[in-house]
4 protein chains.
Amino acid sequence: MLEGMRSERSRRAVLDATFEIAARKGYTGLTIEAVAASAGVGKPTIYRWWQSKGVLALDAVNDRMGQSRDFPDTGDIVADLTHQANLVIEQLRGDAGTVFRGVIGAAQSDPDLAAAVRETILAPRISKCSDRLARAVAAGELRPDVPLYNMVELLYAPIYYRMLLGSADLSPHLTRARIEYTLQGLRPRP
Amino acid sequence: MLEGMRSERSRRAVLDATFEIAARKGYTGLTIEAVAASAGVGKPTIYRWWQSKGVLALDAVNDRMGQSRDFPDTGDIVADLTHQANLVIEQLRGDAGTVFRGVIGAAQSDPDLAAAVRETILAPRISKCSDRLARAVAAGELRPDVPLYNMVELLYAPIYYRMLLGSADLSPHLTRARIEYTLQGLRPRP
Amino acid sequence: MLEGMRSERSRRAVLDATFEIAARKGYTGLTIEAVAASAGVGKPTIYRWWQSKGVLALDAVNDRMGQSRDFPDTGDIVADLTHQANLVIEQLRGDAGTVFRGVIGAAQSDPDLAAAVRETILAPRISKCSDRLARAVAAGELRPDVPLYNMVELLYAPIYYRMLLGSADLSPHLTRARIEYTLQGLRPRP
Amino acid sequence: MLEGMRSERSRRAVLDATFEIAARKGYTGLTIEAVAASAGVGKPTIYRWWQSKGVLALDAVNDRMGQSRDFPDTGDIVADLTHQANLVIEQLRGDAGTVFRGVIGAAQSDPDLAAAVRETILAPRISKCSDRLARAVAAGELRPDVPLYNMVELLYAPIYYRMLLGSADLSPHLTRARIEYTLQGLRPRP
DNA sequence: TAGTAAACGAGACGGTACGTCACGTCTTACC
DNA sequence: GGTAAGACGTGACGTACCGTCTCGTTTACTA
């Protein structure tokens, strides 16, 4: 997407319209036609740059959520993970989370979209988290025999479970306790 | 409303056709029209009994997955949970899991369907698991101060995370180790 | 339709409901389902006694319009025809005319219905008119060499033309003049 | 709205398919779906350009019947009217007449369609006929005190009556005699 | 007077067509 | 030369009625 000014203007309008419609009417109410109309853009222009409604919405989500941030490293692994987890929860509770849920939903029957979700959203964040956990392992705070990826999963899976299948809203309320339980199981054997 | 013989015949044909089409062509390829045609049933008959494609597919999934089973209780909580988790994983790897994934996907932008998923699929299974964990708490094997529902989440969230967001296929491979880590954090303080 | 009280009660309710619905919502808005619901009668009961929506509506029209009346014979053929024509026009301008128009419309692509219309509505009236014209012929007021049926047509066709194809409402306004012109052409050659 | 090449191709295919289906299966057997399928056109394309089945069929009729023709003027008013009436009868006896009957039938419960029938079919023909009659009045062949529109009605109403309500087929057999009777009543008083 | 067969109300059923929506492609006109 | 605009063929949507088919339930006649 290296095109000239015209293209860039369209790109912005399309992403903004996509996000706004998806947030307001839900992923189901998001249609290419509505985006085109709302963005003042022709449908073929959208199809030229985005393969499907799913990747379009994913692009809009990424556009809003921004890059994944580096983990803090205060030396306190529980505090650092809790802090970061709460940031994620906060983000998922907003409009971006709503749209993201829709994208994940669509990805359940669209492998290409699922791969794109993993690559553009999950992978960078998993990577950042792994880095921090690696330092904790090096510091002797966590067992060295559990693959980092599995640790990340244990920590984040409950958040996604709540978002995708939970009856109650996501809440940062018990994050710290949960992370403590989880890390308890990942500490080196005494 | 009495469901006479014809109704029951139709119901069976519709659920079977739904499951078969959803498994073969994916949730996206599942259409009411195709179900009606394949089941030899009129579309209005489907709409009469099922509110949406989502609840129809959910019904078909429930029809195939059957009732949730009681947990075994061998006295070994790790073994019992591992056994049951592997049964769940096995089920989710089959056609029922494929269709179920599609239903969960659709539920991301359909609150009614989400509620139905929780009520008909998750709640009974959570309840059975909670019962087993309660006995473990009573036996002093697990901390009494963590709500049972949270324990269940910690145990099952990674499975659903893998199914819905994971890059690799679900596999029962490391289930036991994972459950050991998790329970480690839930044991009573020494 | 020789059945007992039950049948007769249903017959009345069905004919009344049919007429009322057809008058209020137009022939297009008349459905067997609505008639059944409004008459408090099962659909099969209607299908048992009436072959189609068309003959049902025709029955309702006949029920309301009543039998054709004998022509007056004052000795003044112009006055008698004018009087009778105005009665017909009056009837066609009311609800019965509205429903009748719908029936005639349906009869355009339903030969059975067309035949029924001719037999139950037109034929008796044509017959009565022919009788009066026959007396006028016998009295030397009209040419004997024009078939009576053709005379009737010349007299009544303009009324039906107005009803079925006219832009203005039917009106008795110029009936007398029109009949005078018409009869002028049917008088014996001087 | 510009009708480009594709539009025109579709328009032709739709009108042809409409006429052909209506002629073969009757107005009742004419469905938008069948037209779309037979014309190789999408249903929305038909709904985009035609408001209803009725106006579509009317368009098809007009397409086949062509423009109304000017009346001949041989100086013999009876001959001219007879000639033209026979042309009309001939046209109404063909497929166009069959379809036209269906349209008129539908117009009985569709005021918009009725108006369209009058405007596109009847009005131009009435106008042409009126012109010829006006010349006959000017030539002293017909009474000047009868509105031309009423004269036209007297002349054509029997044809439409036969088509819409008659038991026998339309036939040009007695046209001349009928017109002579009718004009007899419209001649100037001696 | 009780028993029974019909006709009944109700309404689900397999269908057909409806008119609409959004899809993704393609063409035209403009800038 | 790329773009907005939007018509196109396609196909599924969810709805309205169709005419048929059980269902019990009256109800009026028969025994």
Side-chain angles (χ1 to χ4, degrees), chain A residues 3-7 9-10 13 28-37 39-48 50-53, chain B residues 1-11 13 28-37 39-53, chain C residues 3-10 13 28-37 39-53, chain D residues 1-11 13 28-37 39-53:
Chain A
E3 310 315 308
M5 185 188 66
R6 192 80 174 268
S7 258
R9 199 173 295 173
S10 295
T28 299
L30 176 69
T31 68
I32 300 282
E33 299 224 330
V35 171
V41 145
K43 279 199 292 174
T45 300
I46 297 180
Y47 284 108
R48 189 169 304 121
W50 289 277
Q51 181 188 22
S52 70
K53 169 172 131 174
Chain B
M1 165 243 314
L2 303 172
E3 294 187 343
M5 182 187 65
R6 293 179 65 156
S7 247
E8 180 50 26
R9 200 172 294 175
S10 297
R11 204 185 82 94
T28 300
L30 177 69
T31 69
I32 301 281
E33 297 225 328
V35 171
V41 144
K43 276 199 295 173
T45 298
I46 298 181
Y47 285 107
R48 196 168 4 252
W49 300 108
W50 290 276
Q51 182 188 19
S52 68
K53 172 173 129 174
Chain C
E3 310 314 307
M5 186 186 64
R6 190 82 176 268
S7 257
E8 179 50 25
R9 199 173 295 173
S10 295
T28 299
L30 177 68
T31 68
I32 301 282
E33 298 226 330
V35 171
V41 144
K43 279 199 292 174
T45 300
I46 297 181
Y47 284 107
R48 192 166 8 251
W49 301 109
W50 289 277
Q51 181 188 20
S52 69
K53 169 173 131 174
Chain D
M1 163 246 309
L2 302 173
E3 295 189 344
M5 183 187 64
R6 293 179 66 157
S7 248
E8 180 50 26
R9 201 172 294 175
S10 296
R11 204 185 81 93
T28 299
L30 176 68
T31 69
I32 301 281
E33 296 226 328
V35 171
V41 142
K43 276 198 293 174
T45 298
I46 297 180
Y47 284 107
R48 200 175 352 258
W49 302 107
W50 290 277
Q51 182 188 18
S52 68
K53 172 172 129 174

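Chain identifiers are assigned alphabetically (A, B, ...) following the order of the sequence lines, protein sequences preceding nucleic acid strands; residue numbering begins at 1 within each chain.
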K.L.:
On DNA chain F, check which nucleotide each of A/T45 and C/Q51 is closest to and give me the residue with the more 5' one.
P.N.:
A/T45
K.L.:
Rounding to a whole Å, what distance do you find between C/K53:NZ and F/dC17:P?
P.N.:
10 Å
K.L.:
Do any side-chain nitrogens or oxygens of B/S10 fall under 4.0 Å of OP1 or OP2 in E/dA12?
P.N.:
no
K.L.:
Between C/V41 and B/G40, who's closer to the 5' end of DNA chain E by nearest nucleotide?
P.N.:
C/V41
K.L.:
Is there a side-chain contact between B/S10 and B/W49 (heavy atoms, below 4.5 Å)?
P.N.:
no
K.L.:
Measure the distance from CZ on B/R9 to P on E/dA12 and round it to the nearest whole Å.
P.N.:
18 Å
K.L.:
Send over the distance from B/R48 CZ to F/dG14 C1', rounded to a whole Å.
P.N.:
13 Å
K.L.:
Measuring to OP1 and OP2 of E/dG24, would you say a side-chain N or O of A/W50 lies under 4.0 angstrom away?
P.N.:
no
K.L.:
Using salt bridge (charged side-chain N to carboxylate O under 4.0 Å, His left out) as the criterion, list what pairs up with A/K53, not counting sequence neighbours.
P.N.:
none
K.L.:
Just the rounded figure in Å: distance from C1' of E/dC13 to CD of B/E8.
P.N.:
15 Å
K.L.:
Send over the distance from D/I46 CD1 to E/dA17 P, rounded to a whole Å.
P.N.:
14 Å
K.L.:
For A/A36, check side chain to side chain contact (heavy atoms under 4.5 Å, CB included) against everything at least two apart and list the hits.
P.N.:
A/K43, A/I46
K.L.:
To the nearest Å, how far apart are B/R11 CZ and E/dA12 P?
P.N.:
16 Å
K.L.:
Quick one: side chain to side chain donor-acceptor pair (under 3.5 Å) partners of D/S52, sequence neighbours excluded?
P.N.:
none
K.L.:
Tell me, please, which residues at least two apart from B/R48 pass side chain to side chain contact (heavy atoms under 4.5 Å, CB included).
P.N.:
B/T45
K.L.:
Tell me whether the side-chain N/O atoms of B/W49 come closer than 4.0 Å to OP1 or OP2 in E/dC13.
P.N.:
yes
K.L.:
Tell me, please, which residues at least two apart from C/T31 pass side chain to side chain contact (heavy atoms under 4.5 Å, CB included).
P.N.:
C/E33, C/A34
K.L.:
Quick check for you: to the nearest 0.5 Å, what is the distance between A/I32 atom CD1 and A/W50 atom CH2?
P.N.:
9.5 Å
K.L.:
Find every protein N or O atom lying less than 3.5 Å from an N or O atom of nucleotides 20-22 of chain E, and list the pairs.
P.N.:
none

